[in-house]
Amino acid sequence: MWKDIEAAPPDAIFGLTEAFKKDESPDKINLGAGVYKNEQGITPIFACVKDAERILLGREQTKSYLPISGDPGYGICVQNLLFGADSEIVTGGRAATAHAPGGTGALRMGAELLKRFRPAATVWLSGPTWANHRAIFSAPGFAINTYPYYDAATRQLAADDLLSCLATIPAGDIVVLHGCCHNPSGVDLDTAQWEQVFAISTERGWLPLIDFAYQGFADGIEADRTAIELCARTGGDFFVASSFSKNFGLYNERTGALTIVCSSKEETAVAMSHLKATIRACYSTPPAHGGLVVKTILEEPNLRGSWEQELTLMRERIAATRTALVEGLAAHGVKEDYRFIANQRGMFSFSGLDEQAVAWLREEKSIYIVGGGRINVAGLSSANIDYFCAAMAEAINR
């Protein structure tokens, strides 16, 4: 059946990683994949995760199926992280949470559910956005549009254009927002700008869907949920897709969640019934291990404290790497002002490199960067940052 079918193009990021693995250069650097690495170039397992796994191994008595929405305690832990345990959304039962296979699975379940009840809606994505967003929302058949976000000339948020566009989006459409650590730009909205966004969403009647993959990587666990808390204050409906790949290091456990917030407890029950039906038709029930690890860490005070310390160290290392990158580029004679990199948040930054420079770095220096110039700052370390700065300076000045 495949004789006359053309092969699908490789995924841009995973394909880059495959090419990196085949590269025999001792100096090679992979700044494409969105994976945290420590100073030794390793994606580590959190100590608190290892401790939680030992606890789970001792407690485990069955490998039976989880409920369709996952372990109920996991759902409570996710909601407490998103809104705070004392939030009216949590205490009032206005949120329904389902354990999904990663943040990608959460987004896809949200897309499938929304397509059923808003089939004519357009999904609006930031320009630019995470590459997989378009595929996820196109797959169920949504029309896709883009709202302005990043100003390449100023390397700042295109705030005026962003707000002006959001004010024109029709009622019933769906707007995908990055809760913090915007991927790929690293440029976030401030509190006042978020307030304006959700005032517009309330007035216009479009639905916010917040992709929240990096809680704890910008300013802290509580500080990073500003957008979600402000959205919650509107009292309207919205979706949150969570991922614990980065902030718990559970990449290969595919641990995420989809949370639907409604105007009342009764509406939440209806929403959950349809979310369960959607999940049942796709993967039936979620995998247990990653969700139970997260639940165990968040429910055990000592493990929770260890997790927060480890996450803080990761956040601080990324911030220090950003500063070192700016200083390294200046030391290697780059005339352009790259201080904007230090002001961005999370793992990603637009380097400002054009496609020719990106290709040259790969071919001549074995440095792998996603097309468009996005770099994963967390892929740099004290061992390779000088090599990268020298190569980037040569690419810019050649």
Side-chain angles (χ1 to χ4, degrees), residues 82-83 89 94-97 103 106-130 132-150 157-180 182-183 185 187-213 225-242 257-264 267-268 270-272 274-275 278:
L82 293 180
F83 311 110
I89 285 179
R94 291 205 296 118
T97 299
L107 289 165
R108 183 58 192 271
M109 289 305 95
E112 292 287 341
L113 181 62
L114 287 166
K115 185 61 178 176
R116 180 177 176 186
F117 293 101
R118 293 194 174 182
T122 293
V123 172
W124 293 75
L125 305 174
S126 66
T129 194
W130 178 46
N132 210 24
H133 274 155
R134 183 171 292 272
I136 288 169
F137 290 98
S138 295
F142 277 116
I144 307 294
N145 212 330
T146 302
Y147 59 86
Y149 189 87
Y150 180 74
L157 183 74
D160 291 341
D161 292 340
L162 163 67
L163 295 171
S164 295
C165 181
L166 294 183
T168 67
I169 293 176
D173 278 3
I174 300 152
V175 177
V176 178
L177 303 163
H178 298 233
C180 69
H182 182 270
N183 180 3
S185 74
V187 176
D188 287 344
L189 286 74
D190 61 28
T191 299
Q193 290 163 337
W194 277 123
E195 289 175 341
Q196 290 176 280
V197 167
F198 296 122
I200 293 170
S201 73
T202 301
E203 179 182 353
R204 295 292 300 176
W206 47 257
L207 179 75
L209 192 161
I210 301 174
D211 188 350
F212 201 39
R225 65 188 187 210
T226 295
I228 290 173
E229 291 175 338
L230 292 172
C231 190
R233 289 179 193 173
T234 67
D237 298 319
F238 65 100
F239 285 39
V240 182
S242 308
L258 179 65
T259 299
I260 305 174
V261 179
C262 305
S263 299
S264 69
E267 291 178 9
T268 299
V270 173
M272 178 55 101
H274 289 288
L275 178 55
T278 302

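Of all the heavy atoms in Tyr149 and Ser185, the pair that sits closest is CE2-OG, 3.9 Å. Residues Ala95 and Phe83 approach most closely at CB-CE1, 4.2 Å, considering heavy atoms. Closest approach of Ala159 to Gln193, counting heavy atoms only: CB-NE2, 3.6 Å. Residues Ser242 and Ala106 approach most closely at O-CB, 4.3 Å, considering heavy atoms. For Ile136 against Pro140, the heavy-atom pair with the smallest separation is O-CD, 3.0 Å.
Expressed to the nearest 0.5 Å, how far CG of Leu113 lies from CG of Leu275 amounts to 6.0 Å. Expressed to the nearest 0.5 Å, how far CD1 of Ile174 lies from NZ of Lys115 amounts to 8.5 Å. From Ser201, atom OG reaches atom CG of Asp173 across 13.0 Å, with rounding to the nearest 0.5 Å. Atom SG in Cys231 sits 11.5 Å away from atom CG in Leu82 (nearest 0.5 Å). Residue Ile260 holds its CD1 atom at 11.5 Å from CZ of Phe238, rounded to the nearest 0.5 Å.
Side-chain atoms of Ser164 never come within 3.5 Å of backbone atoms of Asp161 as a donor-acceptor pair (strictly under, hydrogens ignored). Of the possible polar contacts, one joining the Arg118 side chain to the Gly172 backbone as a donor-acceptor pair under 3.5 Å is found.
Below 30°, between 30° and 60°, or above 60°: for His178 and His182 the angle between ring planes is between 30° and 60°, a tilted geometry.
Considering Val197, Leu177, Thr226 in turn, Val197 is the only one that fulfils the side chain to side chain contact (heavy atoms under 4.5 Å, CB included) rule with Leu189. Just one residue in the list Trp124, Phe137, Tyr147 forms a side chain to side chain contact (heavy atoms under 4.5 Å, CB included) with Val176, and that residue is Phe137.
Salt bridge Arg116/Glu112: absent, no basic N to carboxylate O contact under 4.0 Å.
Between Leu107 and Leu209 the shortest side-chain heavy-atom distance falls below 4.5 Å.
Within a 6.0 Å radius of CG in Asp190, more than 12 heavy atoms belonging to other residues, nucleotides or ligands are found.
Screening residues 228-238 for side-chain hydrogen bond (donor to acceptor under 3.5 Å, both in side chains) gives Arg225-Glu229 as the qualifying pairs, with residues at least two apart or on separate chains. Residue pairs satisfying the side-chain hydrogen bond (donor to acceptor under 3.5 Å, both in side chains) criterion with at least one member in residues 202-212, sequence neighbours excluded, are listed as follows: His133-Asp211.
Take Thr97 and apply the side-chain hydrogen bond (donor to acceptor under 3.5 Å, both in side chains) test, not counting sequence neighbours, and it matches Gln79, Thr259.
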